[in-house]
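One structure below.
The analysis underlying the following values was restricted to heavy atoms, covering all of them including side chains, and did not include hydrogens, waters or symmetry mates. This structure is a prediction, so every number in the text was calculated from the model and none was measured.
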Protein chains: 2
Amino acid sequence: MELAEAKRKFIEAWGKLGSEWGINRTMAQVHALLLISPEPLTTEEIMESLSISRGNANMTLRDLISWGLVEKQHKAGERKEYFYADKDTWNIARQVAKERRKRELDPVLKILDELSKVEGNKNNAEYKTFNKSVTDINKLAKNVDKTLDTMLKAEENWFWGTIFKIFK
Amino acid sequence: MELAEAKRKFIEAWGKLGSEWGINRTMAQVHALLLISPEPLTTEEIMESLSISRGNANMTLRDLISWGLVEKQHKAGERKEYFYADKDTWNIARQVAKERRKRELDPVLKILDELSKVEGNKNNAEYKTFNKSVTDINKLAKNVDKTLDTMLKAEENWFWGTIFKIFK
DNA sequence: TTAAACTTTCAAAATATTTTGAAAGTTTAA
DNA sequence: TTAAACTTTCAAAATATTTTGAAAGTTTAA
């Protein structure tokens, strides 16, 4: 396979994976493009490579920056802004986990906590089932939350090393 | 909070979480409704509760069945089919992990394996960056894959117990 | 200041996804 | 068989999301 073709495939696959996980396809593609680019790129180059509009490129890059996956770089003597993606996979995974926890897990945990406080008659099957499901899900969500917390603080080698030592 | 209100909130929250994770909102809502229902429900009852059409209810239930989250039940002497959701949170998590691995992770792993085989000139920065990103992501994806595999086979208590023993 | 070079915004258009509901299909009891 | 009771399908409509591109905004050098 040609390098050029391989790059296209990678961008396509990353975009598809993103869209299946609720991340905008274009955002994932821009991220993929930057991941395999040794040098930072300008908005112009990104627009060109992926055939997207200026507005789209701009908003997508801002999003990637707010996710902590991409950073702006200034080149001395140049007016243009350059964009560069962190290439450390473990950092990427941590960053994504961190953002999604904040944006999605945290609000759900809050609601589950409230809902598990709802009082009711323990002989009422409706109430019993509701309460059991909510408290069980709450427990699971809290476990996931704690695990993410550990992962966010961890070093990659330590993390996987520990996991595999145990799971072997 | 009233039980009825709490139920609505739970269904809403579950639906929102689902849509943020690339699962159809209605599908997640039907799942939520069944999770807090002590008895299996008919298509009719689900349509009514969530104000959705017959076609939508039917397709959503089929999806949930194909995900292994809901099962059909027949009641003796009745023509109608009843739908019942597994209430075991750990099973739900495993089932979802299993399906997503099959549908999303596996195809990506296949592509990454191919892409990491692409040959090139080791002095070419373009090639070097491409290769490094692809092989790194491939490693991470394989680790995730193995961990999911362990989780799919594991008992809940053992799993979290082990995780927490280590992570303290 | 000015104006060129750039970035950002956002309403409208394009596209993708979801939902509806009627028609077709299937199963069961009699 | 038949017809009632149910389920499934799928094209069209509704809705949600994404993208465009022109206009407005900002920054910099001179």
Query raised in the report: salt bridge (charged side-chain N to carboxylate O under 4.0 Å, His left out) between A:Arg54 and A:Glu44: does it pass, once the steps are laid out?
Result: CA-CA 8 Å; A:Arg54 184 172 302 284; A:Glu44 212 77 29; 3.1 Å; yes
Requested in this report: Using the salt bridge (charged side-chain N to carboxylate O under 4.0 Å, His left out) rule, take B:Asp136 and A:Lys87 through it: C-alpha gap first, then chi angles, then the decisive distance, then the call.
Outcome: CA-CA 9 Å; B:Asp136 282 359; A:Lys87 306 280 190 294; over 6 Å; no
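Nearer the 5' end of DNA chain D, as judged by each residue's closest nucleotide, is the contact made by B:Asn56, out of A:Gly77 and B:Asn56. Where A:Gly55 and B:Met59 meet DNA chain C, the nucleotide closest to each residue was compared, and A:Gly55 sits on the side nearer the 5' end. Taking the nucleotide of DNA chain D with the nearest heavy atom to each of A:Ser53 and B:Lys72, the more 5' of the two is matched to B:Lys72.
The minimum heavy-atom distance between B:Ile11 and B:Ala32, with the atom names listed, is CA-CB, 3.8 Å.
Chain A approaches DNA chain D within less than 4.0 angstrom (heavy atoms of the protein), and the contacting nucleotides run 5' to 3' from D:dT18 to D:dT28.
Without hydrogens or angle criteria, A:Arg103 side chain to A:Lys98 main chain gives no donor-acceptor distance under 3.5 Å.
Under the Watson-Crick and G-U wobble criteria, each requiring two contacts below 3.5 Å, nucleotide D:dA16 is paired to C:dT15. With both pairing distances under 3.5 Å, D:dT26 is matched to C:dA5 as a Watson-Crick or G-U wobble pair.
Counting any heavy atom pair closer than 4.0 Å across all strands shown, B:Ser51 reaches sugar-phosphate atoms only and no base atom. When heavy atoms are screened at a 4.0 angstrom cut-off, B:Arg54 is found touching base atoms of the nucleic acid.
Interatomic distance, B:Thr89 OG1 to A:Lys132 NZ, rounded to the nearest 0.5 Å: 6.5 Å.
Between the side chains of B:Trp90 and B:Glu155, no donor-acceptor pair of N or O atoms lies under 3.5 Å.
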